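In what follows, every chain begins at residue 1, and chains take the letters A, B, ... in the order their sequences are listed. Computed from a predicted model, the values in this text were never measured in an experiment.
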Amino acid sequence: MAEKITPRSVDYSQWYIDIVLNAKLADYSPVKGCMVIRPRGYAIWERLQAELDRRFKATGHQNAYFPMFIPMSFLKKEAEHVEGFKPELAVVTHAGGEELEEPLAVRPTSETIIWSKYRDWIQSWRDLPLLYNQWANVVRWEKRTRLFLRTTEFLWQEGHTAHETKDEALKETETMLEVYRAFAEEYLCLPVVAGRKSDAEKFAGAVATYSIEAMMQDKKALQAGTSHFLGQNFAKAFEVQYQTREGGLDYVWATSWGVSTRLLGAIIMTHSDDKGLVLPPSLASEEIVVVPIFKTDNKAAVLEYAGKVVDALKADGRRVVFDTDDGSSPGWKFAEWEMRGVPIRIEAGPKDAANGTVVMVRRDTGEKTFVKVDEVPAKARETLAAMQKDLLEKARAFQDANTKDVADRDELVRFFGKEKGKLDADGELHEGTVEAPGGFARGLWCGGRDCEAQLKADLKVTIRNLPFGQQDGCDGACCLCGEPAKHRAIFARSY
RNA sequence: CGGGACGUAGCCUAGCGGCUAAGGCGCCAGCUUUGGGAGCUGGAUAUCGGGGGUUCGAAUCCCCCCGUCCCGACCA
């Protein structure tokens, strides 16, 4: 049978698509750029969502829901916001068989409609803070889409909070970025760099944007989550004032923060291999698949033996699937469950029954071990915990190995080379070669918008963020222009 | 919005003016098998993306349209 998945070394982009389609996570839709999330993909989203929701509630947030239709006039109230989103808006002009008096935008994000209501709900400092989140779909008409990473419609959560003071809002922005960082690393096994975005890359309408950035296996960066300090911009645009403790009147301070179904793309591209999906155990709706191996004459005995293993695992709280289908061979099942990313496979056949053992196989390492039947639940628990830890460590080691400090522009150019796909000019360094490996480059930056824009134009490399905790000792020269530096930045090509 | 590739059964592909559109995978039934994607037999599934034109005759040639993917441009 033909190989279903294109190896990463042949075509990384195709490999990613093959995984998504073959693992039945998502499929294309009749409408360009949109995506159908299939049950196996949606189940991952649900687990991710449940855990994140738990963490939001634990930090004092409540869920609400606002409509998806936003009057066009609302979007125009914040100047930068409308400029940023205008090119990607879907707008409803007709409904109920008539042309609408005012067109309705399908939300690209909900700041405007939410702040229009916050105006009604906030009068005094006693009404603050409002710590709301919503799980919703949004639509952004992007020119170029990719399954999970950038789709016309996507699912996300958006937190929108209102505060009495600037400090409180800033603290919220930081707290939520930290929630994302911890969630990404602990639950998704995604090591990330947390930091502040440059002005050029910040959210339209924000005073400051913070992000977590992950490194994919092709060494490109993926923005995995953002948290914005919105200052008083939206409060002013929507005239949301409150009576202060001192009896004065002031505008409310705001934040917003979100992660989306893009995280599924990040998980796939970080952990998976040429055999298919690799999932952190935390996200797997099936942690273990038990494959019985039988012949017609010993089928009943093998099923009984394997069934006891399944029962023992379930009793220990494991999520188990028992693949008793006799229409496909064991080999077929092995390949199929590997493609689907089930963390542990247990094989139980007549030889095992005779020895009182089973074969346990780890999806990430392929390691096979013989386990005594009464030790299976404990060994499974231990293996799943080890996988959760190892996947993060492996990804972190990869990120560290592909992060390099650069001092000047020459070094930066040599690190990145020319981007792939621009192989016309021979004799130049190209991305992905030994001489120009690419990855995250860490260097000093003067803070100049022109420097950054020039780098993007020349090399397609952008500043991902200015990492927190790495901003000391920035008194050298900007690695782009040589002027005195103000920040330490992570430079990378990104999705 | 530019450049490229493409659209034939659920999927992949052949057919590139001429008989009833061919094959593989998958699917269904039965038998047989099962420790890394098994085998045999039988079966179902196509208005050849849509519309128009040329022709005695179009999946095939021409025109228009629609759609998808890839690469750019764009993108909190």
Side-chain angles (χ1 to χ4, degrees), chain A residues 1-6 11-14 16-18 21-22 27-35 78 80-89 107-111 138 140-147 149-152 154 156 158 197 199-206 208-211 223 225-228 230 256-260 262 275-276 291-299 302 306 323-339 345-354 357-359 361 366 368 370 419-424 456-457 460 462 494-495:
Chain A
M1 180 181 278
E3 234 4 92
K4 282 192 171 177
I5 296 176
T6 307
D11 184 343
Y12 188 80
S13 190
Q14 190 60 47
Y16 174 74
I17 293 166
D18 288 348
L21 297 179
N22 287 314
D27 203 351
Y28 294 110
S29 90
V31 177
K32 181 184 171 69
C34 292
M35 165 179 73
E78 213 287 332
E80 278 186 31
H81 193 65
V82 69
E83 278 315 304
F85 282 105
K86 208 171 182 177
E88 49 195 77
L89 281 186
R107 65 180 161 220
T109 178
S110 302
E111 275 77 5
V138 287
R140 297 181 185 180
W141 220 265
E142 303 279 3
K143 299 274 189 245
R144 193 166 161 207
T145 53
R146 283 168 69 87
L147 293 167
L149 298 178
R150 183 176 290 104
T151 46
T152 300
F154 55 94
W156 77 344
E158 45 181 328
K197 283 288 191 187
D199 283 352
E201 299 277 332
K202 76 179 188 204
F203 175 72
T209 289
Y210 301 156
S211 76
Q223 180 171 293
T226 47
S227 182
H228 314 290
L230 302 174
S256 69
W257 27 273
V259 299
S260 71
R262 169 182 270 197
K275 290 196 279 191
V291 179
I293 295 159
F294 48 76
K295 297 183 196 258
T296 309
D297 57 5
N298 61 17
K299 182 173 173 180
V302 168
D323 188 354
T324 58
D325 178 18
D326 60 3
S328 45
S329 69
W332 192 90
K333 290 177 183 176
F334 297 166
E336 187 63 21
W337 289 108
E338 277 165 354
M339 175 124 67
R345 177 177 76 241
I346 288 176
E347 303 168 15
K351 292 178 210 163
D352 303 296
T357 60
V358 298
V359 177
V361 186
K368 282 192 183 190
F370 291 88
E419 64 179 312
K420 272 181 192 160
K422 289 200 170 174
L423 300 172
D424 42 274
K456 187 175 177 182
K460 298 279 295 177
T462 52
S494 73
Y495 276 97

Need one value for A:P350: base, sugar-phosphate or nothing, where a base atom within 4.0 Å counts as base even if backbone is also close, heavy atoms only. base

Under 4.0 Å between any heavy atoms, over every strand shown, what does A:Y28 touch: base, sugar-phosphate, or nothing? Just pick one. sugar-phosphate

When you measure only distances, ignoring hydrogens and angles, does the side chain of A:R150 come within 3.5 Å of the base of B:C75 through a donor and an acceptor? yes

With the side chain of A:E338 defined as its heavy atoms from C-beta on, choose the nearest nucleotide among B:G37, B:G36, B:A76. B:G36

Side-chain atoms of A:K456 come closest, of B:G36, B:C75, B:G35, to B:C75

Rounding to the closest angstrom, what is the interatomic distance between B:G57 and B:U20 at atom C1'? 16 Å

Are a donor atom and an acceptor atom from the side chains of A:D18 and A:T6 found within less than 3.5 Å of each other? yes

Which atoms form the tightest heavy-atom contact between A:T462 and A:S494, and what is the distance? OG1-OG, 4.2 Å

Applying a 3.5 Å limit to both distances, which nucleotide forms a Watson-Crick or G-U wobble pair with B:C69? B:G4

Between the side chain of A:R140 and the main-chain N/O of A:E88, is any donor-acceptor distance below 3.5 Å? no

Quick one: A:E201 CD to B:C74 P, roughly how many Å, whole number? 12 Å

For A:N22 and B:C11, give me the distance from atom CG to atom C1', rounded to whole Å. 10 Å

To the nearest Å, how far apart are A:D323 CG and B:U34 P? 17 Å

Given the P atoms of B:U47 and B:G4, what is the spacing between them in whole Å? 31 Å

Using a heavy-atom cut-off of 4.0 Å across all strands, would you classify A:T296 as base, sugar-phosphate, or nothing? base

For A:K295 and B:C31, what is the distance between atoms NZ and C1' respectively, to the nearest whole Å? 18 Å

Go through B:C74, B:A76, B:G35 for me and flag the one nearest to the A:K143 side chain. B:C74

Which residue lies toward the 5' end of RNA chain B, A:W156 or A:R146, if each is placed at its nearest nucleotide? A:R146

Taking a pair as Watson-Crick or G-U wobble with both distances under 3.5 Å, which nucleotide is matched to B:G10? B:C25

Just verifying a value: how many Å separate A:W337 CH2 and A:D323 CG, rounded to the nearest 0.5 Å? 5.5 Å

Using a 4.0 Å heavy-atom cut-off across all strands, classify A:V291 as base, sugar-phosphate, or nothing. nothing

Sugar-phosphate only, base, or nothing, as touched by A:E336 at under 4.0 Å among non-hydrogen atoms: base

Counting Watson-Crick and G-U wobble pairs only, both distances under 3.5 Å, name the nucleotide matched with B:G37, or none. none

Between B:A22 and B:U34, how far apart are the two C1' atoms, rounded to whole Å? 33 Å

Nearest-Å distance for atom pair CG/P, residues A:D11 and B:A5: 17 Å

If you only use heavy atoms from C-beta on, which nucleotide in B:U68, B:G37, B:G35 is closest to the side chain of A:I293? B:G35

Rounded distance (nearest 0.5 Å) linking atom NZ of A:K202 with atom OG1 of A:T209: 7.5 Å

From NZ of A:K351 across to C1' of B:G36 the rounded distance in Å is 12 Å

Rounded to the nearest 0.5 Å, what separates atom CG in A:D27 from atom CE in A:M35? 10.5 Å

NA contact type, A:K202, heavy-atom cut-off 4.0 Å: base, sugar-phosphate, or nothing? sugar-phosphate

Taking only the C1' atom of each, what is the distance from B:C11 to B:C6 in whole angstrom? 15 Å

Assign A:G349 to base, sugar-phosphate, or nothing according to its heavy-atom contacts below 4.0 angstrom with the strands shown. base

Between B:C70, B:A76, B:C75, which one does the side chain of A:E142 approach most closely? B:C75

Among B:A38, B:A76, B:A73, the one nearest any side-chain atom of A:R140 is B:A76

Cationic tip of A:R345 above A:F334 ring, under 6.0 Å, 45° of axis: yes

Could you pick out which residue, A:F154 or A:L147, lies toward the 5' side of RNA chain B when each is mapped onto its nearest nucleotide? A:L147

Would you indicate which nucleotide in B:C75, B:A38, B:U33 comes nearest to any side-chain atom of A:S329? B:A38

Side-chain donor-acceptor pair under 3.5 Å between A:R146 and A:T151, yes or no? no

Minimum-distance nucleotide to A:A335 side chain [options: B:A76, B:C70, B:G37]: B:G37

NA contact type, A:T109, heavy-atom cut-off 4.0 Å: base, sugar-phosphate, or nothing? nothing

In whole angstrom, give me the gap between the P atoms of B:G53 and B:U60. 14 Å

Mind checking who B:C75 pairs with, Watson-Crick or G-U wobble, both distances under 3.5 Å? none

Quick one: look up who B:G18 pairs with, Watson-Crick or G-U, both distances under 3.5 Å, and put none if it's unpaired. B:C56

Using the P atom on both, measure B:U45 against B:C28 and round to a whole Å. 16 Å

Looking across every strand, which nucleic acid part, if any, lies under 4.0 Å from A:K368 by heavy atom: base, sugar-phosphate, or nothing? base

Look through every strand shown and name the nucleotide pairing with B:U45 as Watson-Crick or G-U wobble, where both distances are under 3.5 Å. none

Spell out yes or no: do the side chain of A:Q223 and the base of B:A76 have one donor N/O and one acceptor N/O closer than 3.5 Å? yes

Can a donor-acceptor pair be found between the side chains of A:S211 and A:Q223 at a distance below 3.5 Å? no

Tell me the interatomic distance from A:R345, atom CZ, to B:G35, atom P, rounded to whole angstroms. 12 Å

In whole Å, what is the span from the CG atom of A:D326 to the P atom of B:A29? 11 Å

For B:C64 versus B:U54, give the span between their C1' atoms, rounded off to a whole number of Å. 15 Å

Scan A:R262 against the nucleic acid and name what it touches under 4.0 Å (heavy atoms): base, sugar-phosphate only, or nothing. nothing

Categorize A:E88 for me: base, sugar-phosphate, or nothing, with a 4.0 angstrom heavy-atom threshold over every strand shown. sugar-phosphate

Determine the Euclidean distance between corresponding P atoms of B:A14 and B:A73; express it in Å to zero decimal places. 32 Å

Does A:T226 contact B:A76 through a side-chain donor or acceptor facing the base, at a distance under 3.5 Å? yes

